[in-house]
Amino acid sequence: MITTTYQVQGMTCGHCVSAVSAEVGAIPGVSDVQVDLATGQVTVTSASPLDTDTVRAAVDEAGYDLR
C-alpha cells in the first residue's frame with residue numbers, strides 16, 4: 001500500500017471533508033482517505049502510486065484546489 005499526503009485549499013467545514021473524501025475515494029485503487037480540515041491535508045492510501053492529475057481532477061470535481 002502507498003500513502004500520499006496532498007494539500008487541499010478551500011475546505012472550511014464537514015461538508016467539504018465529505019465532498020473531497022467521496023471524490024478522491026472514488027479513484028480506482030484508493031482504499032482510504034483521511035482529511036484533516038484544520039491543516040487542509042488529505043492523506044490517501046492506495047494500492048499503487050496515483051497520478052497527481054487524477055487526484056487534482058477529483059479534488060476539482062469536489063470544488064476545491066489541490067496545491
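All of these numbers come straight from a predicted model, not from anything done at the bench.
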If you look at every heavy atom in Ala38 and Asp36, which pair is closest and at what distance? N-OD1, 3.1 Å

Looking only at heavy atoms, which two atoms of Thr45 and Met1 are closest? And how far apart? CG2-CB, 4.1 Å

Is there a side-chain contact between Val20 and Tyr64, using heavy atoms and a 4.5 Å cut-off? yes

With Thr43, the side chain to side chain donor-acceptor pair (under 3.5 Å) member among Asp32, Thr5, Thr4, Thr3: Thr5

Do the non-hydrogen side-chain atoms of Leu66 and Thr52 ever get within less than 4.5 Å of each other? yes

Ignoring hydrogens, what is the shortest heavy-atom contact between Val30 and Val24? Give both atom names and the distance. CG2-O, 3.6 Å

Val59 vs Tyr6, side chain to side chain contact (heavy atoms under 4.5 Å, CB included): CA-CA, chis, key distance, verdict: CA-CA 10 Å; Val59 170; Tyr6 301 93; over 6 Å; no

Ignoring hydrogens and angles, write down the donor-acceptor pairs under 3.5 Å from the side chains of residues 10-18, residues two or more places apart or on other chains.
residue: Ser18; atom: OG; partner: Gly14; partner atom: O; Å: 3.2

